[in-house]
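Right, one structure below, let's go through it.
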Amino acid sequence: MVSIWEYANPRRFMATSGAVLPWVAAIAALSLIGGLVWGFFFTPDDFRQGATVKIIYVHVPAAIMAVNAWLMMLVASLIWVIRRHHVSALAAKAAAPVGMIFTLIALFTGAVWGQPMWGTWWEWDPRLTSFLILFLFYLGYMALWEAIDNPDQAADLTAVLCLVGSVFALISRYALVFWNQGLHQGTTVSTVGVGVARNEGVADVFLYPLMVSLAGFAFLFLALVLYRTRTEIRARRVKALIAQERMA
Amino acid sequence: MVDLGQYAVPVLSAYGGTIVLLVGLVGASVWQARRVARRLDAIEARRGGSGGGRTGGKTGGKTGARTGARTGDKTGDRAARAK
């Protein structure tokens with residue numbers, strides 16, 4: 001059994017990620033296209049929301065993965081802080097733009113859905129506001145990486161920022177539980193299951209394409225993080241070689 | 001074609017915006033990866049080519065291993081030895 005810490009070795013990471021990346025990317029493309037086509041073309045309108053229900057196939061997966069991306073960055077940052085594995089710091093750095101775009105998609109599609117349904121593009125609702133703050137944290141995190149030349153120092157400081165931002169990532173997910181107010185409805189996907197009345201969850205006709213689309217976003221995130229981490233490792237090597245040339 | 005009724009504009013703009021953002025993200029990632037790869041190839045070619053290939057490429061590299069040792073950058077060290 002290979003230990004997960006083996007992948008802290010860039011050589012091992014590059015070999016393994018190079019092998020799995022085409023498969024992950026293919027699964028991401030298939031499930032994402034399949035989920036969106038299924039949701040857009042082959043699902044009925046909702047009796048209250050009409051055709052706007054089709055927006056959930058992009059909005060919900062993007063919002064879930066926006067928070068999950070930050071939590072992945074948190075785990076990677078903690079591994080860096082505790083065990084000083086450079087690949088984990090670079091993986092956190094690689095994930096940030098992906099999470100930022102997912103957050104932007106969630107904010108944009110939410111506003112587009114909210115205008116006809118709520119009668120407003122934006123409301124200072126707990127969940128919407130915490131998502132906006134999460135978006136700003138993503139921008140700040142990326143800016144901090146770019147602002148510091150020393151990579152280890154940048155990894156240290158961004159790890160601290162990631163730790164602080166995790167509070168808002170969790171608030172984004174559980175805002176309605178904490179405050180129980182605002183326009184945004186509560187969670188619906190996770191209410192499907194044992195002990196939940198059928199009329200409280202999402203109907204199967206909407207749920208299945210939503211799950212496929214969610215899988216597509218999750219695999220797309222994984223593929224992009226692997227791909228971008230490989231780029232970051234190469235970029236780190238470029239820096240090391242340039243530094244050596246300057247010292248020579 | 002799907003009949004979106006009075007909600008055609010919000011639904012199509014939500015899907016359109018999402019696709020543009022995702023394609024932009026993938027495109028930017030590929031562009032950045034190629035730029036870094038070209039730069040790494042150029043540096044290694046300048047150094048004589050015998051020192052090793054791109055990280056993750058087919059050729060190994062001792063050059064970066066020395067770099068890592070000198071600069072104290074463990075990632076540069078390990079990445080340089082990566083195949």
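- Residue pairs that meet the salt bridge (charged side-chain N to carboxylate O under 4.0 Å, His left out) test with at least one member in residues 89-113 of chain A, sequence neighbours left out, are Lys93(A)-Glu232(A).
- The part of Tyr227(A) that comes within reach of chain B is its side chain, from C-beta onward, which places non-hydrogen atoms under 4.5 angstrom from that chain.
- Both the backbone and the side chain of Val30(B) come within contact range of chain A, each with at least one heavy atom under 4.5 Å from a heavy atom of that chain.
- For the pair Arg84(A) and Trp80(A), the cation-pi criterion (under 6.0 Å, within 45° of the ring axis) is fulfilled.
- For Trp38(A) and Tyr57(A), the ring centers are positioned 6.0 Å apart or more.
- In this structure, the portions of Phe40(A) lying under 4.5 Å from any heavy atom of chain B include both its backbone and its side chain.
- Shown here are the salt bridge (Lys or Arg N to Asp or Glu O under 4.0 Å) partners of Asp46(A), two or more places apart in sequence or in another chain: there are none.
- Only the side chain of Leu220(A) comes within less than 4.5 Å of a heavy atom of chain B; its backbone N, CA, C and O stay farther away.
- Neither the backbone nor the side chain of Val53(A) comes within less than 4.5 Å of any heavy atom of chain B.
- Contact tally against chain A (heavy-atom pairs below 4.5 Å) for Arg35(B), Arg39(B), Gln6(B): the top residue is Arg39(B).
- In this structure, the separation between OG1 on Thr229(A) and CZ on Phe13(A) is 4.5 Å, given to the nearest 0.5 Å.
- Aromatic ring pairs are classed by plane angle as parallel below 30°, tilted from 30° to 60° and perpendicular above 60°; the pair Phe102(A) and Phe221(A) is tilted.
- Most heavy-atom pairs under 4.5 Å with chain B, from the set Lys54(A), Gln115(A), Met100(A): that is Lys54(A).
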